[in-house]
Every structure is written in C-alpha cells, then in structure tokens.
Amino acid sequence: QVQLVESGGGLVQTGGSLRLSCAGSGRTFSTSAMGWFRQAPGKEREFVAASSAGGGSTRYADSVKGRFTISRDNAKNTVYLQMNSLKPEDTAVYYCAGRRYPYIGGRKSDYDFWGQGTQVTVSS
C-alpha cells in the first residue's frame, strides 16, 4: 500500500510557474509508476503526465507537452510536476497517483493509489 500526499498548489497568473510535489509512504514507491491527473469543475479527471518506476520513461498529455515536466526522487519517495507557462485552462485539482506496476499507465483505471488532490488556479 502507498499513501500519497500532494502539495504545492496555489494561485498563479497566466504564464507563471508552479511545482507540485507528491510524497509517498510505503516500501513500494520505488517500484511504482507514478502519474499526475487533473480534474476541472464539471469535467472528467484527465491524464496529465506519468513516470515509470525508475524515471527513465515519461509520458505527457498533448495539452501539456513542452510546458510540464514530471520527475521523481525515489530516495525521497517523492514525485514532482514542474508546470511552466501556465494557462487558465490548466486550472484544476491535480491528483497524484501510483500503480502497483513499474510501467507507465495512461488511464485512471491503471492506477491503484491516489492522493487527496491540490488546487491549481491560473488567473487570466
């Protein structure tokens, strides 16, 4: 079992940056692929980015490619999401998620553990 706690959300202006962190507990963090999802009001939760367990493979949604970067520090049991050039349409609750397998998944159903979410608001 992995417990996940996100932090780093907040209010930022268009074009600004934020870095989200997700701290995991449990022995399996380093063998778990990790992902970030987001959910805007009235919309489905959508995939944003994911990293394989070792960090060697990453995947991004088209809407964030070139602006967001996922990384992880397994020694600290932490995964990060660096978000640059933020847009109002990036406003959402961002969720960290982990899966029992080391390989990336792109669907909500691929993930077994979820954090409580952190709000990101981008003002225009």
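- Both V93 and W114 are part of a single hydrophobic cluster, where members link through side-chain heavy atoms under 4.5 Å apart.
- Minimum heavy-atom separation, S21 to T78: CB-CG2, 4.3 Å.
- A distance-only check finds no donor-acceptor pair linking the side chain of D90 to the backbone of L86 [under 3.5 Å].
- For the atom pair CG of N84 and CG of L18, the computed distance is 9.5 Å after rounding to the nearest 0.5 Å.
- Closest approach of Q39 to K43, counting heavy atoms only: NE2-O, 3.1 Å.
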Criterion side chain to side chain contact (heavy atoms under 4.5 Å, CB included) on E46 and R38, from CA distance to verdict: CA-CA 5 Å; E46 65 175 4; R38 66 186 181 186; 2.7 Å; yes

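- Judged as a side chain to side chain donor-acceptor pair (under 3.5 Å), the pairs with a partner in residues 50-62 (not counting sequence neighbours) are, in order, D62-K65.
- Shortest non-hydrogen contact noted between N77 and S25 is ND2-CA, 4.4 Å.
- Y111 and F68 fall into different hydrophobic clusters, where Ile, Leu, Val, Met, Phe, Trp and Tyr side chains are chained together by heavy-atom contacts under 4.5 Å.
- Proximity of a side-chain donor or acceptor of N74 to a complementary backbone N or O of A53 within less than 3.5 Å is detected.
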Candidate pair D112 and R99, rule salt bridge (Lys or Arg N to Asp or Glu O under 4.0 Å), full reasoning: CA-CA 5 Å; D112 305 291; R99 56 183 322 220; 5.4 Å; no

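- Taking the six-membered ring for Trp, Y95 and F37 have ring centres at least 6.0 Å apart.
- No continuous path of hydrophobic side-chain contacts links Y80 to Y94 [ILVMFWY only; heavy atoms under 4.5 Å].
- The two residues F47 and A61 make their nearest non-hydrogen contact at O-CB, 3.4 Å.
- When all heavy atoms of C96 and V79 are compared, the pair lying nearest together is SG-CG1, 3.8 Å.
- Within a 6.0 Å radius of CD in Q13, other residues, nucleotides and ligands contribute 12 heavy atoms or fewer.
- Heavy-atom minimum distance, S17 versus S85: OG-N, 4.4 Å.
- Under the 3.5 Å distance criterion, the side-chain polar atoms of E6 are left unmatched by any main-chain donor or acceptor of L20.
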